[in-house]
Amino acid sequence: MERQKHTAIVTGGNRGIGFEVCRQLALLGYRVVLTSRKVNQGLEAVEQLKREGGEIVFRPLDVTSQRQIKDLKHYVERYFGGADVLVNNAAVYPDEGRGVLEVESAVYHSTIDTNLFGPLMLCQEIVPGMMERGYGRVVNVSSGGGQISSMVDDTPSYRLSKLALNGLTLMLANAVRGSNVLVNAVCPGWVRTEMGGPAAPRSIEQGADSIVWLATLPDGGRSGGFFRDRELISW
């Protein structure tokens with residue numbers, strides 16, 4: 001067991017924003033556990049990032065699998081003494097172009113399983129250890145699509161899952177008050193990734209910036225907020 005540096009778990013780290021978050025945290029001196037459902041892509045991502053420097057390891061993780069989440073927790077506790085940072089980045093975006101009355105119930109279930117229950121199960125396994133050690137940073141990667149103030153009938157399963165993720169963020173922040181565990185949600189904006197597409201106006205680096213900022217907040221930092229570009233936005 002080694003506690004000489006902070007250990008960060010990043011879900012969906014094999015590409016896009018998650019990959020960039022892993023890169024930036026590693027360059028800041030964090031030990032990064034890059035997780036991915038796709039094993040080969042995850043291993044390739046780790047090898048690429050190792051060439052840039054920093055300590056990065058790969059662990060396979062399907063965030064809908066409670067068994068794999070428990071295996072990840074045990075691995076991190078055994079080798080690193082626990083996780084100090086959890087970035088819930090993995091997500092699916094399945095129903096573009098269809099409305100709330102058109103999307104099948106199975107799509108809602110699968111989207112919410114990944115985008116909400118995955119982060120919830122991870123927090124249930126990881127956050128108690130953070131509270132015991134008196135330090136933790138949880139960043140839930142949400143979306144402006146989950147803002148209730150601008151809710152419309154578009155990509156409904158995704159919007160609903162992110163709306164619920166925002167609610168989970170508030171619940172968690174309340175649950176960990178006084179423990180030096182800070183829990184926040186972030187909207188990275190419309191980013192040029194596989195999910196966002198080539199027409200998106202924001203770079204991957206821009207999308208990752210606020211996530212890394214929240215993951216590295218000092219003691220006494222804000223908790224229970226929703227951020228874009230390091231600024232509070234409405235729920």
Side-chain angles (χ1 to χ4, degrees), residues 10-13 15-25 63 85-103 107-120 122-123 137-174 182-217 221-235:
V10 181
T11 68
R15 60 182 175 86
I17 293 173
F19 179 87
E20 180 62 19
V21 169
C22 290
R23 187 184 74 83
Q24 291 189 24
L25 287 175
V63 299
V85 174
L86 172 62
V87 178
N88 285 311
N89 169 72
V92 294
Y93 183 79
D95 53 352
E96 186 175 6
R98 295 190 290 168
V100 66
L101 299 178
E102 300 168 329
V103 175
V107 176
Y108 287 103
H109 282 288
S110 63
T111 304
I112 290 172
D113 277 348
T114 298
N115 296 2
L116 174 65
F117 289 125
L120 172 59
L122 277 155
C123 287
R137 304 292 181 262
V138 178
V139 185
N140 291 326
V141 181
S142 186
S143 167
Q147 286 181 287
I148 197 166
S149 58
S150 59
M151 193 61 61
V152 295
D153 180 21
D154 177 59
T155 59
S157 73
Y158 181 78
R159 286 180 181 272
L160 188 61
S161 71
K162 294 302 186 179
L163 174 63
L165 182 64
N166 288 348
L168 174 63
T169 301
L170 289 170
M171 291 180 187
L172 289 168
N174 183 261
L182 307 179
V183 184
N184 292 287
V186 61
C187 169
W190 186 15
V191 178
R192 291 188 295 275
T193 62
E194 184 175 317
M195 181 182 291
R202 296 169 64 88
S203 69
I204 291 175
E205 291 79 9
Q206 288 174 307
D209 176 76
S210 292
I211 299 171
V212 174
W213 171 67
L214 290 170
T216 59
L217 284 176
R222 180 66 184 253
S223 188
F226 189 17
F227 292 87
R228 181 191 293 124
D229 294 331
R230 305 194 182 192
E231 298 290 338
L232 274 173
I233 60 176
S234 69
W235 295 102

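Start at 1 with the first residue, then count along the sequence.
Side-chain contact between Thr11 and Leu122: present, with at least one pair of heavy atoms (C-beta onward) separated by less than 4.5 Å. Using a 4.5 Å heavy-atom cutoff, the side chains of Arg228 and Ser210 are not in contact. Looking at Leu165 and Asn115, their side chains never come closer than 4.5 Å, going by heavy atoms from C-beta outward. The shortest distance between side-chain heavy atoms of Tyr93 and Thr114 does not fall below 4.5 Å. Taking 4.5 Å as the limit, every side-chain heavy atom of Ser110 sits out of range of all side-chain heavy atoms of Val92. The shortest distance between side-chain heavy atoms of Leu214 and Arg137 does not fall below 4.5 Å. The shortest distance between side-chain heavy atoms of Val10 and Leu25 falls below 4.5 Å.
Gly97 and Thr155 get closest at one heavy-atom pair: N-CG2, 4.5 Å. Counting all heavy atoms, side chain and backbone alike, Val141 lies closest to Lys162 at O-NZ, 2.8 Å. Shown here for Leu116 and Ser161, the closest heavy-atom pair between the two residues is CB-O, 4.5 Å.
Ser157 pairs by the side-chain hydrogen bond (donor to acceptor under 3.5 Å, both in side chains) definition with Asp95, Thr111, not counting sequence neighbours. With sequence neighbours excluded, no residue forms a salt bridge (Lys or Arg N to Asp or Glu O under 4.0 Å) with Arg222. Every side-chain contact (heavy atoms from CB on, under 4.5 Å) that Asp229 has, sequence neighbours left out, goes to Arg202. By the salt bridge (Lys or Arg N to Asp or Glu O under 4.0 Å) test, Arg23 is found to be paired with Glu20, Glu52, residues two or more places apart in sequence or in another chain being considered. The side-chain hydrogen bond (donor to acceptor under 3.5 Å, both in side chains) search around Asn184 returns none, not counting sequence neighbours.
Surrounding CE of Met171 are at most 12 heavy atoms belonging to other residues, nucleotides or ligands under 6.0 Å away.
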Full working for side-chain contact (heavy atoms from CB on, under 4.5 Å) between Ile17 and Ile211: CA-CA 9 Å; Ile17 293 173; Ile211 299 171; 3.5 Å; yes
Step-by-step side-chain contact (heavy atoms from CB on, under 4.5 Å) determination, Ile233 to Phe227: CA-CA 5 Å; Ile233 60 176; Phe227 292 87; 5.9 Å; no
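Using cut-offs of 30° and 60° for the angle between ring planes, the Trp235 and Phe226 rings count as parallel.
Exactly one residue among Asn88, Asn174, Asn140 makes a side-chain hydrogen bond (donor to acceptor under 3.5 Å, both in side chains) with Thr169. That residue is Asn140.
The stretch residues 207-217 participates, sequence neighbours left out, in these salt bridge (Lys or Arg N to Asp or Glu O under 4.0 Å) pairs: Asp209-Arg230.
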